[in-house]
There are 4 protein chains.
Amino acid sequence: MASKESTPDVSRRSERSRRAIFDAALALVGEVGYPKTTVEGIAARAGVGKQTIYRWWRSKADVLLDAFLDLSEQAAEAAGQAPYAIPDTGDLAADLKGVLRATVDELQDPAFAAPSRALAAEGVVNEELGRRFVARLLLPQLELYADRLRSAQRAGQVRADIDPRIALELFVSPLAQRWLQHTGPISYEYTDTLVDYALNGLAPR
Amino acid sequence: MASKESTPDVSRRSERSRRAIFDAALALVGEVGYPKTTVEGIAARAGVGKQTIYRWWRSKADVLLDAFLDLSEQAAEAAGQAPYAIPDTGDLAADLKGVLRATVDELQDPAFAAPSRALAAEGVVNEELGRRFVARLLLPQLELYADRLRSAQRAGQVRADIDPRIALELFVSPLAQRWLQHTGPISYEYTDTLVDYALNGLAPR
Amino acid sequence: MASKESTPDVSRRSERSRRAIFDAALALVGEVGYPKTTVEGIAARAGVGKQTIYRWWRSKADVLLDAFLDLSEQAAEAAGQAPYAIPDTGDLAADLKGVLRATVDELQDPAFAAPSRALAAEGVVNEELGRRFVARLLLPQLELYADRLRSAQRAGQVRADIDPRIALELFVSPLAQRWLQHTGPISYEYTDTLVDYALNGLAPR
Amino acid sequence: MASKESTPDVSRRSERSRRAIFDAALALVGEVGYPKTTVEGIAARAGVGKQTIYRWWRSKADVLLDAFLDLSEQAAEAAGQAPYAIPDTGDLAADLKGVLRATVDELQDPAFAAPSRALAAEGVVNEELGRRFVARLLLPQLELYADRLRSAQRAGQVRADIDPRIALELFVSPLAQRWLQHTGPISYEYTDTLVDYALNGLAPR
DNA sequence: ACGTAACCGAGACGGTACGTCAAGTCTTTCG
DNA sequence: CGAAAGACTTGACGTACCGTCTCGGTTACGT
């Protein structure tokens, strides 16, 4: 006996509509911004009835989260073999700088930045969505940094008593904050500096 | 020569209404959250005409920004002599840990956290407001950390070639991100660790 | 080929709402008067969204015009066989006096008078609505008088060179003006007198 | 002890403001129509504070009524000796036709027609103002017709048993209704016909 | 092969809040 | 102290979207 509240029959779902909704949602967020993106607008642009959106998602933010996850997966596939893993050349600083430079590029691509920023903002204020955003998008990425740091610990390049989950925030969070809150400019030089400071510390040796 | 679009005659403004609007706005954000706080609701709660709000502010976010700045100023005054300055006991680590612990407390006070979070969220998506939020609230506070770090540089506790404006982000941004995006728990232990990592670096010495 | 500005899909329209709106509009005009009747009030009383009114009508006056036309049609149906036709007993004076006496009664029934007066007033100042009011309500009624006068001409009771469309105004317009502009009292005696004066003229014979 | 609600000290009243308000009110009604004429607009156009209007009048309609009365008086003065009286040449039909032709001209002069129509409309719906409009503008004019008819009765041109107050409506009201409600065109020929029909009646002699 | 049960596009529905406008009141400033 | 200026409270306006609820139509099984 299926629950009354469960999603409708998934097997009959129109893949065409799903794709059109994702495309419309991402396009609208990029074009007019998140606040002016409306469910009504997404439905119209996707050539879809409003109810088709409400049948499968609970809110505008929900749609966008799925659309963005879908986008990320597609991007990952397009990127080929090692889609999302931090290289391990043995040179920790160089590896981190490389990944952060790629992130800088990504953050400046409007197609990626607009929905990402919108979801982050919504997550700040809507805790439930925020937790899903973090769990499905942010944490997996952070975990890659943690893995790389653990590897560095085994190689003796990072002290053994360091908590990798916290350590990674030393260079990731500053970039995140500058980007989200416009508290400063973003550049390769900046992220390189973050890695240097974080690895070597501020105090004289 | 007053511009046609400038705000109306400020000298005639009702201080009573201004205060009531601030109080109502902060109270509502705290009680029902930012999205459910409406201009109409603020006006009603403040016993003020809606037009009186639109006469002086352009949006809900604008009102809240001013209300929150006002709150901060009052809090600063109430805090007495050294309202917003980081102590300088000579022990950099201890001083930073102390201030961050105070910040942790503040971030857990709902009266302060709700509007702050709302403004941060709005600023993420509304760049114009975001820049004002940063310029009027965030940067002044960050500058205090920069000052303390400069003092530490003079005392030889921080390397001279370090850029204080970037260095401070090593411990401030992680806390900010955990708070804003719920990427992890917040505690005294956590901020203490951040300061230790940031000052000493991750690499073995 | 439907015009872009045409009313929405009429076949899907809710008859229930339409009726409720008419009832509410007529009731409110009767109770609080036309100027204090608001679209918002009609919607609330009808248990209907405001947008449902604006979807189908352009203004308060438009709603009221349709509501009143609907009322007239219902009254006509209720009146039975010969709903709106002037009797033709052969005695022109008696027939006209009878109809005018009925009109006097109608003009003193508040349920009928309030919306009628409101529409007339609006029509005086809003030419577009005025023309519709006249075309759909006033002229059809006047035409009945013209018909009766033509019949009287064929019977030799009215001179053949008389223009019936003007002639009818001799007894209809005075009543209309007294009612609309409060220029004098209204009674059976008054309308009887009008008919006598109009048929026989003022000059001695 | 003066009542709180009495008008303020009339002797100190600014004639300059009073005139400017009248001019502004009449101009605005002519230019944008009655509904779009606002007290705020009148005050602005007259270079006067809004309160100066509310001090001396109770409503927009009140202002306009006084403005129109003032205009009528000025017009009357300008017209010279016998400002408002119906000529008495002994030929009743000719005298009435002449006056009605002049009225036709007046009704087509926008400077006169716009405020007049506006006041009539307001009077239809606002009984209190309507009665003042009628008493101060309409009835005095009707009385002139009544006087002329009484004179005709003394001359034996109108039957003695005719009530002049009702008789005059036979030709005045039709013109009024056509003008107010757009129920038909207005012309010299039309008003001439009205006089003929009214004096001679519709029935064959 | 055919009913019947779902999804689908469309869009009307009852609502909430928006941002604007004007009403009429109240307060401040000036002559 | 009257008048100008204009800020105030109030409340209707007409618009934009919300999330729900029909409406036909078109698949896509299940018997």
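To find a chain, count down the sequence lines: A is the first, B the second, and so on, and within it residues start at 1.
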From CD1 of A/Ile53 across to P of F/dC21 the rounded distance in Å is 17 Å
Among E/dC7, F/dA4, E/dC8, the nucleotide that comes nearest once only the side chain of A/Ser17 is considered: E/dC8
Across all chains, not counting sequence neighbours, the ring-ring contact (aromatic ring centres under 6.0 Å, His included) partners of B/Trp56 are none
Would you mind writing out the side-chain donor-acceptor pairs for residues 60-70 of chain D within the sub-3.5 Å range, not counting sequence neighbours?
unit_1	atom_1	unit_2	atom_2	d
D/Lys60	NZ	D/Tyr34	O	3.2
D/Lys60	NZ	D/Thr37	O	3.0
D/Asp62	OD1	D/Arg132	NH1	2.5
D/Asp62	OD1	D/Arg132	NH2	3.0
D/Asp66	OD2	D/Trp57	NE1	2.8
D/Asp70	OD2	D/Arg19	NH2	2.9

I'd like to know whether CZ of B/Arg55 has more than 12 heavy-atom contacts from other residues, nucleotides or ligands below 6.0 angstrom. yes
Mind calculating the distance between CH2 (C/Trp56) and P (E/dG14) to the nearest angstrom? 12 Å
Run the side-chain hydrogen bond (donor to acceptor under 3.5 Å, both in side chains) test against D/Ser17 and tell me which residues pass, sequence neighbours left out. D/Ser14
Between A/Ile42 (CD1) and F/dC17 (P), how many Å, whole number? 12 Å
How many whole angstroms separate atom CZ of D/Arg16 from atom C1' of F/dA4? 12 Å
Once side-chain hydrogen bond (donor to acceptor under 3.5 Å, both in side chains) is applied, do any residues pair with C/Asp9, and if so which ones, sequence neighbours excluded? C/Ser11
Contact nearer the 5' end of DNA chain F, comparing B/Gly49 with D/Gly47: D/Gly47
To the nearest Å, give me how far apart CH2 (A/Trp57) and P (F/dT20) are. 15 Å
Distance, rounded to the nearest Å, where C/Arg55 contributes CZ and F/dA16 contributes C1': 12 Å
With a 4.0 Å limit, can you tell me whether D/Thr52 has a side-chain N or O closer than that to the phosphate oxygens OP1/OP2 of F/dA3? no
Using the test side chain to side chain contact (heavy atoms under 4.5 Å, CB included), find all partners of B/Glu73 that sit at least two apart in sequence or belong to another chain. none
I need a per-nucleotide contact map over nucleotides 18-31 of chain E, read 5' to 3'. Cutoff is protein heavy atoms under 4.0 Å; write B for the base, S for backbone only, - otherwise. BBBBBBBBB-B---
Between B/Glu15 and D/Val48, which has a closest nucleotide on DNA chain F that is more 5'? D/Val48
For the pair A/Glu128 and A/Arg58, evaluate side-chain contact (heavy atoms from CB on, under 4.5 Å) and give the outcome as yes or no after the intermediate values. CA-CA 12 Å; A/Glu128 197 272 327; A/Arg58 296 210 317 281; 3.6 Å; yes
Nearest whole angstrom, please: distance from the C1' of E/dA10 to the CZ of C/Arg13. 18 Å
